[in-house]
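Reading through the structure tokens given below for one structure.
Letters go in sequence order (proteins before strands), and every chain restarts at 1.
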Amino acid sequence: IFAGRKVDEELLEELEERLIRADIGVKTAGQLVEELRKEAIRKNIKTWEGLLPVLREKLLSYIGGCKGELKEGKVYLFLGVNGSGKTTTIGKLAHRFKSQGKKVLLCAGDTFRSAAIEQLQVWAQRSGADIVYKEEGADPASVVYQALEKAQKENYDVVLIDTAGRLHTKEPLIRELRKIKQVVQKFYPEEPTETLLVLDATIGQNSLSQAKVFKEAVDVSGIVLTKLDGSAKGGAVVPICTELKIPIKLLGVGEGLEDLQEFEPKTFVEELTS
Amino acid sequence: LLTQRFSKAFSKVENSRKLTEKQINDFLREIRSALLESDADYEVVKDFLKRVREKALQEDLTKKVSPFEHLLLTVYEELVKVLGGAVSELKKGTVLFVGLQGTGKTTTIGKLAKYLKDKGFKVAVSSTDVRRPAAMLQLQRLAEKIEVPYYHFGEGLSALEIAKKAQAKAKEDGVDYLLLDTAGRLHIDEELMEELSSIKSAVSPSEVLYVADAMQGQEALRTAKVFHEKVGLTGAVLTKMDGDARGGVAFSLRSALGIPIKFVGVGEKLEDIEPFYPDRVAQRIMG
Ligand SMILES: Nc1nc2c(ncn2[C@@H]2O[C@H](COP(=O)(O)OP(=O)(O)OP(=O)(O)O)[C@@H](O)[C@H]2O)c(=O)[nH]1
Ligand SMILES: Nc1nc2c(ncn2[C@@H]2O[C@H](COP(=O)(O)OP(=O)(O)OP(=O)(O)O)[C@@H](O)[C@H]2O)c(=O)[nH]1
Ligand SMILES: [Mg+2]
Ligand SMILES: [Mg+2]
């Protein structure tokens, strides 16, 4: 993008703009550009070609520590704000586990939203997983309990728990989420293996607020960043990583069963600065 | 309350009665950070502050008792002016709902159907979302809750075919408003944007409402622009404003595309919709 240009104040300002446009945030972008400015002076870097590797290295140092492998275990709990892609992500992960030869059970923990259960049922069919559900309006904790009972009795390898979308600012809904996690912990003290926060890459600075609150409330073990097949870069995970150190476990790159990828910090940084 | 947020910037200059251009620039830089943190578009913020700065320099701020409070008020008033002037009204006919995935289109249709029905209008809803699992069932369930007719046609029809059939049935039934749902889609998906364009041509909607998530980031305006170029947006609905997202996307849409924000979603229930209040949103954007 800045091919052939020399490093000057104008370039640095435009670079800051690009970083802000990637949703990295004003503070982080400013910090990053300031570090680059100092580095450019120290190392006498005159061109963009010389600066780009330094920029990428710096970004890598910011988020490299947030590369996380999905842990192997029994129960995976999914949470996040409304519309972030939880239900669809469960469908994709179920498909992945099935193709690994695992016996997969889905839990329709969203008992609130219209047709949420039916939506998850379709994903169960598509992925070949089984599903536990109750009537709309049932207590989500009771559906979770029922699913865990079935998983234990019928020897399922993994249980993927869907929950209703909820804004992190709604205290009663956060309490409900805590209760759901406690049901899992009471049933299997070692579980859930993962408490996954599903974040939409098209969201801006509010992502940081979401991550803070959910981490505080239910100790999030990993992030799934969805909708990266769009034009948004998902840069909000940079401040999330530096401030909260939550590992990014998976990326959602489309609406189909196969559209799930690993988080590769190097690739992510290249996308961010391309 | 606005001055609390900018108290750091204020205290730097409170004691200087003589205002320098540098002080104004520094102060506007603080405001720029606040606006960018609210997710308002980078270019929109740049142009906006340029206008505010010109306006500020024209006035003799040294004559004001507290020049920076006055400057802050100027920013607020300009923001309200940009956001305002919209009316929460919908022209009768077919109202098309469009936008990215998961922004709240289907739920918003349920809310607006209830809103219009409560006002005494004859309303019907239909869905052209043949893609998302259980999308049509979702709208059908919402329609049942508020006792509004949901038009359902057979399996295997394309989105375009459903749109045409729904339009014809709405005309036949003599409804005031047909609220038509579409699948969430990416603005960079040429095929799906073309589908949307053909639906628009087929039903000649009275309104095309862009449903935007209040938490959308810096790509919000560029995304909306593509939708606008492809189908011509007549208004926007800002959803999930019951959270703590600052909602800078409202400023971007109104300022750069001139699109009026007609309604605001403030919750998950069918009654959770409000008209758009520019002064409230301006305060929220400024933090
Ligand atoms: N393009 C794209 N769309 C996605 C992705 N993940 C999910 N979606 C779409 O986003 C929309 C919302 O997905 P859901 O899975 O229903 O999201 P959710 O978090 O379960 O929503 P709620 O349960 O209502 O809170 C659907 O249209 C999905 O197809 C992704 O990675 N890319
Ligand atoms: N808190 C809150 N949630 C909302 C609001 N509007 C919609 N939602 C929720 O957001 C999620 C997505 O809503 P949908 O209506 O399915 O979104 P959509 O745009 O139709 O999604 P796609 O069809 O997949 O593109 C659901 O969980 C809704 O309940 C709102 O104003 N506030
Ligand atoms: Mg869901
Ligand atoms: Mg929908």
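Applying the salt bridge (charged side-chain N to carboxylate O under 4.0 Å, His left out) criterion to A:K212, with sequence neighbours excluded, gives A:E243.
Taking 4.5 Å as the limit, some side-chain heavy atom of B:L186 sits within range of a side-chain heavy atom of A:D229. Proximity of B:P133 to A:R126: side-chain heavy atoms (C-beta onward) are separated by under 4.5 Å at one or more points. The closest side-chain heavy-atom distance from B:D242 to A:T169 is not below 4.5 Å. The side-chain heavy atoms of B:R132 and A:E255, taken from C-beta on, include no pair separated by under 4.5 Å.
For the side-chain contact (heavy atoms from CB on, under 4.5 Å) test with B:D213, the passing option among A:N206, A:T202, A:I203 is A:I203; the others fail.
Chain A forms the most heavy-atom pairs under 4.5 Å with one residue out of B:L36, B:D244, B:V249, and that residue is B:D244. No other option in B:R141, B:K240, B:M215, B:Q216 has as many heavy-atom pairs under 4.5 Å with chain A as B:M215. If you tally non-hydrogen atom pairs under 4.5 Å between each of A:V122, A:N82, A:V81 and chain B, the highest count goes to A:N82.
For B:Q140, no part lies near chain A; criterion is any non-hydrogen pair under 4.5 Å. Only the side chain of B:R32 comes within contact range of chain A, with at least one heavy atom under 4.5 Å from a heavy atom of that chain. Only the side chain of A:K170 comes within less than 4.5 Å of a heavy atom of chain B; its backbone N, CA, C and O stay farther away. No part of A:Q121 comes within reach of chain B, as not one of its non-hydrogen atoms sits under 4.5 angstrom from that chain. Proximity to chain A is limited to the side chain of B:I188, based on heavy atoms less than 4.5 angstrom apart.
In this model, a donor atom of one side chain and an acceptor atom of the other lie less than 3.5 Å apart for A:S231 and B:E219.
Within residues 145-159 of chain B, the residues having any heavy atom closer than 4.5 Å to a heavy atom of chain A are B:K145, listed by residue number. Residues from residues 9-25 of chain A that place a non-hydrogen atom less than 4.5 Å from a non-hydrogen atom of chain B comprise A:E13, A:E16, A:E17, A:I20, A:R21, A:D23, given in numerical order. Close approach to chain A, defined as a heavy atom under 4.5 Å from one of its heavy atoms, is seen in B:L100, B:Q101, B:G102 of residues 99-107 of chain B, taken by number.
In this structure a side-chain-to-backbone donor-acceptor pair under 3.5 Å is present from B:D39 to A:Q205.
Between B:Q138 and A:S114, the shortest heavy-atom distance links the atoms CG-O, 3.5 Å. Shown here for A:A115 and B:A134, the closest heavy-atom pair between the two residues is CB-O, 3.8 Å.
A 6.0 Å sphere centred on CD of A:E216 holds no more than 12 heavy atoms belonging to other residues, nucleotides or ligands. Enclosure of atom CZ in B:R29 is not indicated, since only 12 or fewer non-hydrogen atoms of other residues, nucleotides or ligands lie within 6.0 angstrom.
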